[in-house]
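The structure appears right after this line, and notes come after that.
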Number of protein chains: 2
Amino acid sequence: MAQGVGDLNLSVGYALKQAAAALRTAMDAGLRPLGLTVPQYACLELLRQRPGLSAAELARGAFVTRQSMHAVLLGLEERGLLTRASTATRGRALPTELTEAGHRVLAEASAVVAEIERRMIRSLSVAEQQRLRADLAACAAALGDTTPR
Amino acid sequence: MAQGVGDLNLSVGYALKQAAAALRTAMDAGLRPLGLTVPQYACLELLRQRPGLSAAELARGAFVTRQSMHAVLLGLEERGLLTRASTATRGRALPTELTEAGHRVLAEASAVVAEIERRMIRSLSVAEQQRLRADLAACAAALGDTTPR
DNA sequence: GAGAGTATGTCAGGATGTTGACATGGCGCA
DNA sequence: TGCGCCATGTCAACATCCTGACATACTCTC
């Protein structure tokens, strides 16, 4: 018979959840004054780095479903932070891009998030940070690195 | 002016979110056949290790709000997996404990989750696992290690 | 002993996310 | 060419979770 999970304080999975929850809470609090939720910020950040992404690609990058990202896009588009092509250039995918206002809001939000991330890893050396990031990526890859259906 | 978040692929925060999302997805899929959600499993696992916990303490341990944990407890109690004291022995806190059925279900679930965690960290040595866990704990502590209000 | 401050349990409402489904548009293959 | 297959966009229904609020009970301080 397989053994169960042992002491939670010795579990990597529990520590992972703990850190992710703390980060999420800190980002929520930091982004609220800007009128952004975490998924909304993630959407903007992804579009800055890779303009023209479709809703489905954004959903995978932000770890939510297509449907959730659809709602996020509608909200951000109504606020004038991004524009969506009305017709597909290839397949059914509708390319999305940031507007000027979107870039401005994102700049503020990105500074807030960067500060939070710096605070999170301030006790680690640069080498340790890279190692941590690599280990986390390896964990994600080992689990299949899936996004919600 | 503060710099923003750089390349997401170089961000520890993004890697953290990615790994946590992969773990959550894997746990969801593994626990579904047992009729358990992740918060429900977390609740049972916490109670095994620390019987007599109150709803508020369970909520903090599972990284959800008191209200969410309240709903989880109602469901698990109705299924006969745990019992809640009807009167408080100290303060308003109502101690909760697993039933025999609860222990049986948890044993199955715990084996499933342990297998997922093993798969997640199989590419890391024991020393690397401990280091990763310590780094994650440090990150959580640096952010205040808060749970949702 | 009285008061503020804090922690807990609980209820109601609303925001958010997911599941399920369907239609449409490429792509590969016989 | 025709067919199956997959990806995308979108809608409706449902589940989940959080926000806000209130009552109760302990603790600490004066």
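Chain identifiers are assigned alphabetically (A, B, ...) following the order of the sequence lines, protein sequences preceding nucleic acid strands; residue numbering begins at 1 within each chain.
Rounded to a whole Å, the OH atom of A:Tyr41 is 19 Å from the P atom of C:dT16. As a whole-Å value, the separation of B:Leu74 CG from D:dA15 P is 16 Å. Following rounding to the nearest Å, A:Asp28 (CG) and C:dT16 (P) show an atom-to-atom distance of 11 Å. The distance between atom CZ of B:Arg32 and atom P of D:dT16, rounded to the nearest whole Å, is 11 Å. Here the P atom of nucleotide C:dA7 and the CE atom of B:Met69 are 18 Å apart, to the nearest Å. Rounded to a whole Å, the CG atom of A:Leu36 is 17 Å from the P atom of C:dA15. Between the CE atom of A:Met27 and the P atom of D:dC18 there is a distance of 17 Å, rounded to whole Å. Rounding to whole angstrom units, CG of residue A:Leu73 and C1' of C:dG17 are separated by 15 Å.
Comparing C:dT18, D:dT8, D:dT16 by their nearest atom to the side chain of A:Val64 picks out C:dT18. Side chain of A:Arg84, nearest nucleotide from D:dT8, D:dT10, C:dT10: D:dT10.
A:Arg50 contributes no side-chain N or O that, together with a main-chain N or O of A:Leu58, makes up a donor-acceptor pair within less than 3.5 Å. In this structure, A:Gln129 contributes its side chain and A:Leu124 its backbone to a donor-acceptor pair below 3.5 Å. In this structure, the side chain of B:Ser54 does not engage the main chain of B:Pro95 through any donor-acceptor pair within 3.5 Å. In this structure, A:Glu117 contributes its side chain and B:Val12 its backbone to a donor-acceptor pair below 3.5 Å.
Proximity of A:Arg66 to the phosphate of C:dA21: no side-chain N or O atom is located under 4.0 Å from OP1 or OP2. In this structure, A:Arg24 does not reach the D:dC18 phosphate: none of its side-chain N or O atoms is under 4.0 Å from OP1 or OP2. Residue B:Thr65 places none of its side-chain N or O atoms closer than 4.0 Å to OP1 or OP2 of D:dC17. OP1 or OP2 of C:dT10 has at least one side-chain nitrogen or oxygen of B:His70 nearer than 4.0 Å. Taking 4.0 angstrom as the limit, A:Ser68 places a side-chain polar atom (N or O) nearer than this to OP1 or OP2 of C:dT18.
The base of C:dG13 lies outside donor-acceptor range of the side chain of B:Gln67, with no N or O pair under 3.5 Å.
Residue B:Ser54 is in sugar-phosphate contact alone, with no base atom involved, counting any heavy-atom pair closer than 4.0 Å across all strands shown.
Nearest approach of A:Gly61 to B:Tyr14, heavy atoms of both residues: O-OH, 2.7 Å.
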